[in-house]
S.K.: 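Right, I'll just put the structure down here and ask away after.
Keep in mind that this is a model prediction, so the values were computed, not measured. Heavy-atom basis, side chains included; hydrogens, waters and symmetry copies ignored.
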Amino acid sequence: MADPKGFMTTPRQDWPRRPVEERVRDWDEVYVPGALLPIISKQADRCMDCGVPFCHHACPLGNLIPEWNDLVSREDWRAASDRLHATNNFPEFTGRLCPAPCEAGCVLAINQPAVTIKNVECAIADRAWEEGFTPPRPPDRLSGRTVAVIGSGPTGLAAAQQLTRAGHTVAVYERDDRPGGLMRYGIPAFKMEKRHLERRLEQMRAEGTKFRTSTAVGRDVRADELRTRYDAVVVATGATAWRELPVPGRELAGIHQAMEYLPPANRVGEGDLERSPVSAAGRHVVIVGGGDTGADCLGTAVREGAASVTQLDIYGLPGAARDEDTEPWPTYPKIYRLSAAHEEARDLGTAPSADADARLFAASTLRFTGDADGRVRALHLVEVDALRRPLPGTERTLPAELVLLALGFTGPDRHDGLIDQLGLAMDPRGTIARDAGFATNVPGVFAAGDAARGQSLIVWAIAEGRAVAAAVDRHLTGGTRLHAPIGPYDRPMTA
């Protein structure tokens, strides 16, 4: 603990964002380049080095947060990088994309703003790359065992890297033309530039991990064939079966799932397309769903030049502070948060009828109506109470030329045949069933990430990848030295 009084003398200071008018004209990350390092050592000083660090428990990776806070406060970046990478394969991803449940569990957050743990993590990761603290770590010797990892999202990549470093020969199968899963084509570049992903992929290739892209397991190669070719198979396909909105007018043209909208926009940034076929440019856009995916759609639509953008959230407007009765510390509270995309929409006035920024809270979609050509032109909504019951006399109509459904995901998509070809058992939630060792009902086949856990956070996905790697290593060799931060039945802290 470099400064015992740091939490009393230093106020919280977050990584500043670029001006709204500037950043909405490009797809670069929203933060001011180079503005984090000058402030981060003093911010790390705010860590109390408390006797029972609940940030450890709030983070499924078990990140050694007080340790690397102390090292950053002393500007010992190499040691901080070593401690950070001891528990997290991809801190530059989580430092940008994770909603930071660790900060909700910070002891300082009981009565003060929490330590900027997420910013410290990001600063360590970026400095580590700049200083060359993250070279490839190929194994000293090979085990002679082979593993197929299906899916290259954060779970698949973490599992593959851990197993490769343990000496196994690993091939990652990805149905898209580039690895990365939703980090590649679902997460907009203004939240995480793709160079961070490419850098890790090059590291993994140098360590020996093989990537088989444009290969949909179940269609391009049979899943049961992989089972016979490899000593173990890890299914980490994610939860890609999206939720539908069964209301009148859903069949109208111009109504799309978020994952039909975000990937083409990302492909424009990759140089694959000149213009997205589902562009929001010049259109009145309504996003149904109040989560992070909806915010990603919002920021993308603003940058594409939408005429207006409104986001509907079925939940009521949350308060500015946690409700200690229903969401006591150290649980992750549902409070009013202003993401970069919502800040942009607020400042630019994209939705004049919204309650706050671009959002309409406690709003439920009743139906869609369209024109004579069958294209959507309006969304009809009603206000609801806390139990989601419609409130009489509150119906409204919003102009809508593009509607984006961001309602979350139910589990893995079964259309490719992978689950049926392997004969995997499913649980009642529609996700892949597994035992306490991440093993499915099929010998040698393991399941991890959102495909088995259900839709979750990137930090849980990476933790799942590390844990399933330990389980596979134990299955192949009879023991393991790999870190297993969670079990398959662990869940976030709740009241």
S.K.: Give me the atom names and distance for the closest heavy-atom approach of Pro485 to Arg466.
M.R.: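 It is CD-CB, 3.9 Å.
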S.K.: If I compare all heavy atoms of Met192 with all of Leu197, which pair ends up nearest, and what's the gap?
M.R.: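 Looking at all heavy atoms of both residues, the shortest contact is CE-CB, 4.4 Å.
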S.K.: Which heavy atom of Thr394 sits nearest a heavy atom of Glu383, and at what distance?
M.R.: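 Reported closest heavy-atom pair: OG1-N, 3.1 Å.
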S.K.: Is the shortest side-chain N to carboxylate O distance from Arg303 to Glu344 below 4.0 Å?
M.R.: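 Yes, this pair counts.
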S.K.: Side chains of residues 288-300: which donor-acceptor partners sit under 3.5 Å, not counting sequence neighbours?
M.R.:
from: Asp296; atom 1: OD1; to: Lys191; atom 2: NZ; distance (Å): 3.0
from: Thr300; atom 1: OG1; to: Asp296; atom 2: O; distance (Å): 2.8

S.K.: Could you tell me whether Arg184 and Glu270 make a salt bridge, using a distance below 4.0 angstrom between a side-chain N and a carboxylate O?
M.R.: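 A salt bridge links Arg184 with Glu270.
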S.K.: Does Arg199 pair with Glu92 as a salt bridge, N-O distance under 4.0 Å?
M.R.: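 Salt bridge: no.
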S.K.: Which heavy atom of Cys102 sits nearest to which heavy atom of Ala58, and what is that distance?
M.R.: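 For Cys102 and Ala58, the tightest heavy-atom pair comes out as CA-CB, 3.9 Å.
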S.K.: Can you tell me how far apart CG (Leu424) and CG (Leu418) are? Round to the nearest 0.5 Å.
M.R.: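 Separation between the atoms: 7.0 Å.
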S.K.: So does Asp272 pair up with Arg178, basic N to acidic O under 4.0 Å?
M.R.: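 Yes, this pair counts.
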S.K.: Does a salt bridge link Asp385 with Arg389, judged by any charged N lying under 4.0 Å from a carboxylate O?
M.R.: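 Yes, this pair counts.
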S.K.: Could you grab the distance from atom CG of Leu381 to atom OG1 of Thr397, nearest 0.5 Å is fine?
M.R.: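 Going from the CG atom of Leu381 to the OG1 atom of Thr397 covers 7.5 Å.
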S.K.: Check for me whether Arg267 meets the cation-pi criterion with Tyr185, that is, NZ or CZ under 6.0 Å from the six-membered ring centre and within 45 degrees of the ring axis.
M.R.: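 That pair qualifies as a cation-pi contact.
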S.K.: To the nearest 0.5 Å, what is the distance between CZ (Arg453) and OG1 (Thr155)?
M.R.: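 Result: 9.0 Å between the selected atoms.
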S.K.: Looking at Val115 and Arg12, what are the two nearest heavy atoms and their distance?
M.R.: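 Closest heavy-atom pair between Val115 and Arg12: O-NH1, 3.5 Å.
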S.K.: What's the spacing between Ile432 CD1 and Thr440 OG1 if we round to 0.5 Å?
M.R.: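 Nearest 0.5 Å value for the CD1-OG1 distance: 8.0 Å.
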S.K.: Taking 4.0 angstrom as the limit, do Glu103 and Arg337 come out as a salt bridge?
M.R.: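 No, no charged N to carboxylate O under 4.0 Å.
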